[in-house]
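The structure appears below as structure tokens.
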Amino acid sequence: MQIREVENGIILEGIEDFEPAHVFDCGQCFRWIRQEDGSYTGVAMNRVININKEGDSIHIDNTNLEDFENIWYEYFDLARDYGALKKDLAKHDENLKKAVEFGPGIRILKQDGWEMLISFIISSNNRIPMIQRAINNISERYGHKIGTYRGKDYYAFPSPEELSRASIEDLRDCKTGFRDKYIYHTTRAVLDEKIDLKAFVDMDQDTCHKELMKFKGVGAKVADCIALFGMRKYQSFPVDVWVKRVMQEFYGAEDMSLPKMRKFGMDLFGDDAGFAQQYLFYYVRELEIGK
DNA sequence: GGTCAGGGTAGCC
DNA sequence: GGCTACCCTGAC
């Protein structure tokens, strides 16, 4: 991979295993929006940037070399050898091989734990466009403005302190639905109990999962998503409706309860369960397998 | 305008 | 542990 500085941005040349559509549409993030020209504009790490793939190079606009080295290199998990990872997964079984071939440009982003906590509480029994809308509302009303990009204003996801200014009714107004009280209580808990979500990264997977489930509105699936996308717990295996379908269709988990399916997936795929889940999720969801 | 399902959870056995 | 009632929204 070669890095080249350009006007208001950088270009990564010869980059492998990075396909914006795969990365941003595999269910892990809600603030990356596809633009008319096929590029993606997203808010993360208190910044707004645009990602566009041109041939085999990735153009990151509205940034600089310093931010790339300090922030985006880690955020996009560029140190990881996804080629080797995919090779291992493809060897596991025929279904996973197909899933990896279907979404070869998937990467798991290293996102903020607090933002994941609230975002995935909103995601429960919800649809992606509505999740995105609610998170946008929350950010516009309680987060601070980051700046203007291509004629549009962008707002950071609010900190716990910022979000604590919202009442349950305010949160309902943001279109969070019945999850309003969950968000309110979770925000209060984080502030009142001085919970440091950064410390969750250092916990083992099981402890992290158990601690996350203590928050209201966080069940097994949501906790797995937060742990996987916000706390580097790559052994997590979130079982949502799509993963449930794939486990039933491909892995003979026909009459299995959700908790058993979760353990089954973790045992089956081991340390890479989170990655396996992402490839499988993207595969079945895009093709609507099992629906 | 009712019905249904959506990237599940809480609460009860 | 498993089962169920149910939180809200928008698409049909």
Side-chain angles (χ1 to χ4, degrees), chain A residues 21-34 99 102-103 106 108-109 111 115-138 166-186 189 206 209-230 233 236-250 253-267 273-291:
Chain A
H22 299 171
V23 172
F24 302 128
D25 295 335
C26 68
Q28 61 178 324
C29 53
F30 302 106
R31 300 205 73 192
W32 285 92
I33 309 296
R34 190 185 177 90
F102 184 79
I106 288 175
I108 294 185
L109 301 171
Q111 302 182 80
E115 182 174 338
M116 292 301 100
L117 175 57
I118 300 301
S119 297
F120 278 96
I121 286 176
I122 295 171
S123 82
S124 71
N125 266 63
N126 211 344
R127 294 154 203 236
I128 292 172
M130 276 161 268
I131 302 165
Q132 291 176 329
R133 186 181 63 176
I135 294 173
N136 251 330
N137 289 338
I138 284 178
S167 66
I168 295 182
E169 292 73 26
D170 293 335
L171 291 165
R172 177 67 62 109
D173 284 341
C174 291
K175 297 293 176 189
T176 55
F178 61 87
R179 309 154 195 89
D180 54 359
K181 53 192 177 295
Y182 299 153
I183 299 168
Y184 182 83
H185 285 125
T186 295
D206 193 48
H209 191 257
K210 283 194 171 73
E211 287 299 312
L212 285 169
M213 288 203 17
K214 288 181 180 172
F215 291 110
K216 292 220 187 302
V218 179
K221 187 268 177 184
V222 166
D224 276 323
C225 286
I226 301 164
L228 179 57
F229 305 132
K233 300 293 172 267
S236 304
F237 193 74
V239 180
D240 55 50
V241 283
W242 293 101
V243 174
K244 181 184 166 191
R245 285 172 191 152
V246 78
M247 296 308 282
Q248 291 176 331
E249 288 275 324
F250 296 158
E254 202 54 52
D255 304 305
M256 213 180 269
S257 67
L258 257 38
K260 282 196 169 161
M261 213 176 268
R262 172 177 184 267
K263 189 177 184 319
F264 181 58
M266 289 199 293
D267 291 343
F275 295 102
Q277 193 269 7
Q278 283 294 280
Y279 290 109
L280 290 170
F281 174 86
Y282 184 71
Y283 181 51
V284 293
R285 188 169 176 278
E286 291 292 312
L287 299 180
E288 300 200 332
I289 290 170
K291 197 181 177 184

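The chains referred to below are lettered A, B, ... by the order of the sequence lines, with proteins before strands, and numbering in each begins at 1. Everything quoted here is computed from the prediction, not taken from an experiment.
The nucleotide whose nearest atom lies closest to any side-chain atom of A:Pro259 is, among C:dG10, C:dG2, B:dG7, C:dG2. Taking every side-chain heavy atom of A:Arg133 into account, C:dT9 is the closest of B:dG7, B:dT9, C:dT9. When distances are taken from the side chain of A:Arg245 to each of B:dG6, B:dT9, C:dC7, the shortest belongs to B:dG6. Closest to the side chain of A:Lys260, out of B:dG7, B:dG6, C:dG2, is C:dG2. Comparing B:dG6, C:dG2, B:dG7 by their nearest atom to the side chain of A:Asn125 picks out B:dG6. In the set C:dT9, B:dG7, B:dG8, the nucleotide with an atom closest to the side chain of A:Ser124 is B:dG8. Here the side chain of A:Phe178 is nearest to one of C:dG2, B:dG7, C:dC8, namely C:dC8.
Atom-to-atom, NZ of A:Lys216 to C1' of B:dG11 comes out at 11 Å; the value is rounded to the nearest Å. Regarding A:Lys214, its NZ atom lies at a distance of 17 Å from the P atom of B:dT9, rounded to whole Å. Put simply, CG on A:Asp180 is 18 Å from P on C:dC6, counting in whole angstrom units. The separation between A:Lys244 atom NZ and B:dG7 atom P is 13 Å, rounded to whole Å. When the P atom of C:dT9 is taken as reference, atom CE of A:Met130 falls 10 Å away, rounded to whole Å. Between A:Arg262 atom CZ and B:dG8 atom P there is a gap of 15 Å when expressed in whole angstrom units. If you take CD1 of A:Ile122 and C1' of B:dG7, they are 14 Å apart, rounded to a whole angstrom. Summarising the geometry, the separation between CG on A:Leu212 and C1' on B:dT9 is reported as 15 Å, rounded to the nearest angstrom.
For A:Phe281 and A:Phe237, the gap between ring centers reaches or exceeds 6.0 Å.
Contact check on A:Glu211 versus A:Lys214 returns a salt bridge, with a Lys/Arg side-chain nitrogen under 4.0 Å from an Asp/Glu carboxylate oxygen. Under the 4.0 Å criterion applied to side-chain N and carboxylate O atoms, A:Asp267 and A:Lys263 are assigned as salt-bridge partners.
A residue-by-residue look at A:Val218 and A:Phe229 shows that A:Phe229 has its nearest nucleotide of DNA chain B further toward the 5' end. Mapping A:Arg127 and A:Val241 onto DNA chain B via the closest heavy atom, the residue that lands nearer the 5' end is A:Arg127.
Note on A:Lys181: nothing from the nucleic acid sits closer than 4.0 angstrom, heavy atoms only. Nucleic acid contact class of A:Ile128 (heavy atoms, under 4.0 Å, all strands): base. Looking at heavy-atom distances under 4.0 Å, A:Arg172 makes contact with sugar-phosphate atoms alone, never a base. Base engagement by A:Gly27 is indicated by at least one non-hydrogen atom pair under 4.0 Å involving a base atom. A:Tyr182 comes within 4.0 angstrom of sugar-phosphate atoms only, judged by non-hydrogen atoms across all strands, and of no base.
For the atom pair CG of A:Asp180 and OG of A:Ser167, the computed distance is 9.0 Å after rounding to the nearest 0.5 Å.
The aromatic rings of A:Tyr282 and A:Phe102 lie tilted to each other, with the angle between the two planes from 30° to 60°.
Atom P of B:dG7 sits at a distance of 23 Å from the matching atom of C:dC3, rounded to the whole Å.
Here the options are A:Asp206, A:Asp224, A:Asp240, the test is salt bridge (Lys or Arg N to Asp or Glu O under 4.0 Å), and the partner is A:Arg262; only A:Asp224 passes.
Between A:Ser123 and B:dG7, a side-chain N or O to OP1/OP2 separation shorter than 4.0 Å is absent.
Pairing for B:dG11 goes to C:dC3, judged as Watson-Crick or G-U wobble with the two contacts each under 3.5 Å.
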